[in-house]
2 protein chains.
Amino acid sequence: MTDPIPQPDAAFAALADPTRRALIDRLRAGPLPVGRLAADLPISRPAVSQHLRVLSDAGLLEVEPQGTRRLYRLAPDRLRELRAWLDGLWGDAMDSFAARAREIAQESPK
Amino acid sequence: MTDPIPQPDAAFAALADPTRRALIDRLRAGPLPVGRLAADLPISRPAVSQHLRVLSDAGLLEVEPQGTRRLYRLAPDRLRELRAWLDGLWGDAMDSFAARAREIAQESPK
DNA sequence: GGATTGGGTCGGTCATGGCTTACGGTAAGC
DNA sequence: GCTTACCGTAAGCCATGACCGACCCAATCC
């Protein structure tokens, strides 16, 4: 199985590395080939290639071969899942926060 | 410096570990002491303690000592930052996606 | 005061993963 | 066809971190 269903776990692990987040940020303006991405980073091109593979496997990037180059672009699908998870967590955190605030008010009514 | 400013980097790294995300999910219903969190996981209590420390240092959890126990709860502040980052990334990804769609339409107008 | 319970810290082990160099493979240009 | 540019893969090295057992401290209960 060369293309298993990408788990959201993979997306979190992929975004954990600062170099990979730098690649993501670099791609926000539009698709770029590997060589240009590697030119802006202090690591070797193969290292960039490995990071791009991790991001692609996580479903965060898409590849488009164009001649001898390969253009990487952002893939919105996985980002939508992450947003949904974070929004749910945010809601629960706010509920817990509000409940705690009521407790505090209860303890010192004055 | 015992309490440096928590970087958003730390939040991403903290959320990368599946055990730590399990702890987060467990705390969505409300605050819990360390012992109860450790009882639900297949790892030792010291390991849970270490994970809770990572999450706290990242600004994702707050601690409230209560007698001999320590209650951990979700901290909304850092979650808001993550939401903001993800929303911005989502917007750029959608723009790039729309631009690509226009290119495709241009290539095959029929 | 002694015993018990709840938790954080320490030292050490082992696996994971990020980086490099070296190599192979394909498309474009002469 | 031969070279050159662009890129992925393989092997190895090394640092990070997740885990555990052991230990120590503080608060509660008898």
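Reminder, nothing fancy here: chain letters follow the sequence lines and each chain counts from 1. Predicted, not measured: the structure shown is a model, and the values here were computed from it.
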Near B/R69 CZ, under 6.0 Å, is it more than 12 heavy atoms from other residues, nucleotides or ligands?
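No, because the 6.0 Å sphere around CZ of B/R69 holds 12 heavy atoms or fewer from other groups.
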Enclosure of B/R28 CZ (heavy-atom neighbours >12, cutoff 6.0 Å)
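Above 12, so yes.
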Can you see if the side chain of [X] gets near the phosphate of [N] - specifically, an N or O under 4.0 Å from OP1 or OP2?
{"X": "A/Y72", "N": "D/dC6", "result": "no"}
{"X": "A/H51", "N": "C/dG17", "result": "no"}
{"X": "A/S44", "N": "C/dT20", "result": "yes"}

Using a heavy-atom cut-off of 4.0 Å across all strands, would you classify [X] as base, sugar-phosphate, or nothing?
{"X": "B/R20", "answer": "sugar-phosphate"}
{"X": "B/A47", "answer": "sugar-phosphate"}
{"X": "A/P33", "answer": "sugar-phosphate"}
{"X": "B/R45", "answer": "base"}

Send over the distance from [X] [atom1] to [N] [atom2], rounded to a whole Å.
{"X": "A/L37", "N": "D/dC6", "atom1": "CG", "atom2": "P", "value": "13 Å"}
{"X": "B/R36", "N": "C/dT5", "atom1": "CZ", "atom2": "P", "value": "16 Å"}
{"X": "A/L52", "N": "C/dC19", "atom1": "CG", "atom2": "C1'", "value": "15 Å"}
{"X": "B/I43", "N": "C/dG7", "atom1": "CD1", "atom2": "C1'", "value": "14 Å"}
{"X": "A/L41", "N": "D/dC7", "atom1": "CG", "atom2": "P", "value": "14 Å"}
{"X": "B/D9", "N": "D/dG17", "atom1": "CG", "atom2": "P", "value": "12 Å"}
{"X": "A/R53", "N": "C/dG18", "atom1": "CZ", "atom2": "C1'", "value": "15 Å"}
{"X": "B/E64", "N": "C/dG7", "atom1": "CD", "atom2": "P", "value": "13 Å"}

From [atom1] ([X]) to [atom2] ([Y]), nearest 0.5 Å:
{"X": "A/S96", "Y": "B/E62", "atom1": "OG", "atom2": "CD", "value": "9.0 Å"}
{"X": "A/D87", "Y": "B/L86", "atom1": "CG", "atom2": "CG", "value": "8.5 Å"}
{"X": "A/L82", "Y": "B/L15", "atom1": "CG", "atom2": "CG", "value": "10.0 Å"}

Sidechain N-carboxylate O distance under 4.0 Å for A/E64, A/R70
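Between A/R70 and A/E64 there is no salt bridge, as every charged N stays at least 4.0 Å from the carboxylate O atoms.
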Between [options], which nucleotide has the shortest distance from any of its atoms to the side chain of [X]?
{"X": "A/R70", "options": "C/dA22, C/dG7, D/dC7", "result": "D/dC7"}
{"X": "A/R69", "options": "D/dA18, C/dG8, D/dC6", "result": "D/dC6"}
{"X": "B/Q50", "options": "C/dG11, C/dC19, C/dG18", "result": "C/dG11"}
{"X": "A/T68", "options": "D/dC6, C/dT9, D/dC19", "result": "D/dC6"}

Can the ring centroids of B/W90 and B/F97 be said to lie less than 6.0 angstrom from one another?
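Ring centroids of B/W90 and B/F97 are no less than 6.0 Å from each other.
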Enter the inter-axis angle for the ends of the helix from C/dG1-D/dC30 to C/dC30-D/dG1 (five pairs per end, rounded to 10°).
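End axes: 20° apart.
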Keeping the roles fixed (side chain from B/R20, backbone from B/A14), state whether a donor-acceptor pair exists under 3.5 Å.
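Such a contact is found between B/R20 side chain and B/A14 backbone.
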